[in-house]
There are 2 protein chains.
Amino acid sequence: MARLKTEDRRKNIIDEAVKIIHKQGFEALTIRELAYRVNVTEPAIYRHFENKEDIILSIMDRMNEFDEELNRHIESVKGKERKIAELINFHFLFFEKNPEITSIIFSEDIFRNGKSLPDKLLSILTHRRGIICKVLEDAKRSREYQGLSSCNLATIILGFIRLVVLRWRLSGFAYSLVESGNSESKTLLKLIYNYGKQLKI
Amino acid sequence: MARLKTEDRRKNIIDEAVKIIHKQGFEALTIRELAYRVNVTEPAIYRHFENKEDIILSIMDRMNEFDEELNRHIESVKGKERKIAELINFHFLFFEKNPEITSIIFSEDIFRNGKSLPDKLLSILTHRRGIICKVLEDAKRSREYQGLSSCNLATIILGFIRLVVLRWRLSGFAYSLVESGNSESKTLLKLIYNYGKQLKI
DNA sequence: TTTAAGTTAGTAAACACTAACTTAAAAGAT
DNA sequence: ATCTTTTAAGTTAGTGTTTACTAACTTAAA
């Protein structure tokens, strides 16, 4: 059996764990299934993780992938005009390219049990919301939109994105999220961008 | 042991099942826990339900409670002016009054496994979306709003509501959903209602 | 007396995990 | 470069508990 250093094996295990959740649902994430997918025996898993909760905490850390990309995106649109449209599009692009991560990001019930999972989840979601609010404040400062509360707008935008993604997931990822999502978002963008124009009159 | 007719016992069992999911999460819904809560032994459960999946299908039927109330609400606002605002408020009122049902309605992953669960879920969600679209078409016909696609608007509104409710749930139902939700929805209503006004100019 | 709901006493399988043993790979010695 | 020792990753062989569920028996209610 080819041995991996614990760093690499941990990544290998979490990669497979995410795949299992994505394809079969959280209930299928057993140590047995995981060991099978990783091609080691069950006890080998415990060489790298203390227990199952430890594994799930590491799965949650995968959400950081998204947050990192989100921050990169935010840096890349500084100075651009339609930051909101770009932000929405970024979400759809990212998720379409990484469907597996939607099985973690949009499945709050997975992380409900355990000692430290709920707190960690709340912290992650709060932090991300903060990022979006800041983007919207930036957009507001550069007059991309006016007269609206940034954080309330964040709720509208994020809620919209979540539902569009959920429908895509429930369809079995059966169509292009980017096309469908951006088509639907025209209405939301219309509302936001034209609200500013109306206020100018 | 006081015996109930199967009709009553089934209701008793599903009531308790919903409570378990709400308080402890889906994972806690074992036949053992359920029997304990109902005050019968495990095999007694099987007098009334074929198997666990049968139980879960019946839990899903509880979503009909909401849809029935939704239809009642729709009937009661016919002819009124701000149907959209009323609709959003209805959601928050209903969920605040029935927090347990949010543990079913907003937990798609629960219903992921099993032979018939995913299809049933999709059917329920599609049907409900259809209802909301119709309400919005009605509102459009009575010029409550203009220039927007009803179904895209439904996505925006439903997505918003879902996220507001999710945050309430994650807070441990720690504040008034009606107050908080309606406060946040002012921005969305502003967008929708003012868009119509802008088009008139 | 009959029926149907409830019980006791299991069943097979799965679950998360441990202890002791094995061995591949890295580190150290020559 | 080669050999030896050490380390850490992987294995076999379990453990105790829980899970969904069944068969046969009991009993409340019609």
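To find a chain, count down the sequence lines: A is the first, B the second, and so on, and within it residues start at 1.
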- Query: Can you check the A:Glu33 CD to C:dA13 P distance for me, whole Å?
  - Reply: 18 Å
- Those residues at least two apart in sequence (or on a different chain) that pass ring-ring contact (aromatic ring centres under 6.0 Å, His included) with A:Tyr46 are none
- Query: Does B:His91 have its ring centroid less than 6.0 Å away from the ring centroid of B:Phe160?
  - Reply: no
- Between C:dA4 atom P and B:Ile45 atom CD1, what is the distance in whole Å? 19 Å
- Query: So, does B:Asn98 use its side chain to make a donor-acceptor pair with the main chain of B:Ile101 at under 3.5 Å?
  - Reply: no
- Parallel under 30°, tilted from 30 to 60°, perpendicular over 60°: which one fits the rings of B:Phe90 and B:Phe66? parallel
- Task: Using a 4.0 Å heavy-atom cut-off, write out nucleotides 21-30 of chain D from 5' to 3' as B (base contacted by protein), S (sugar-phosphate only) or - (no contact).
- Result: BBBBB-BB--
- Starting at CG of B:Leu34 and ending at C1' of D:dT18, how long is that distance when rounded to a whole Å? 16 Å
- Item | Side-chain donor-acceptor contact under 3.5 Å, B:Tyr145 with B:Ser150 | yes
- Query: For A:Ser176, does its backbone N or O pair with a side-chain atom of A:Trp168 as donor and acceptor, under 3.5 Å?
  - Reply: no
- Touch check for A:Thr41, heavy atoms < 4.0 angstrom, all strands: base, sugar-phosphate only, or nothing? base
- Separation of C:dA16 C1' from A:Asp54 CG (nearest whole Å): 14 Å
- Whole angstrom value for the distance that separates P of D:dA8 from CD of A:Glu7: 15 Å
- Query: Which residue lies toward the 5' end of DNA chain D, A:Asn39 or B:Glu27, if each is placed at its nearest nucleotide?
  - Reply: A:Asn39
- Message: Would you say B:His48 places a side-chain N or O within less than 4.0 Å of OP1 or OP2 belonging to C:dG6?
- Response: yes
- Does OP1 or OP2 of D:dG10 have a side-chain N or O of A:Arg9 closer than 4.0 Å? yes
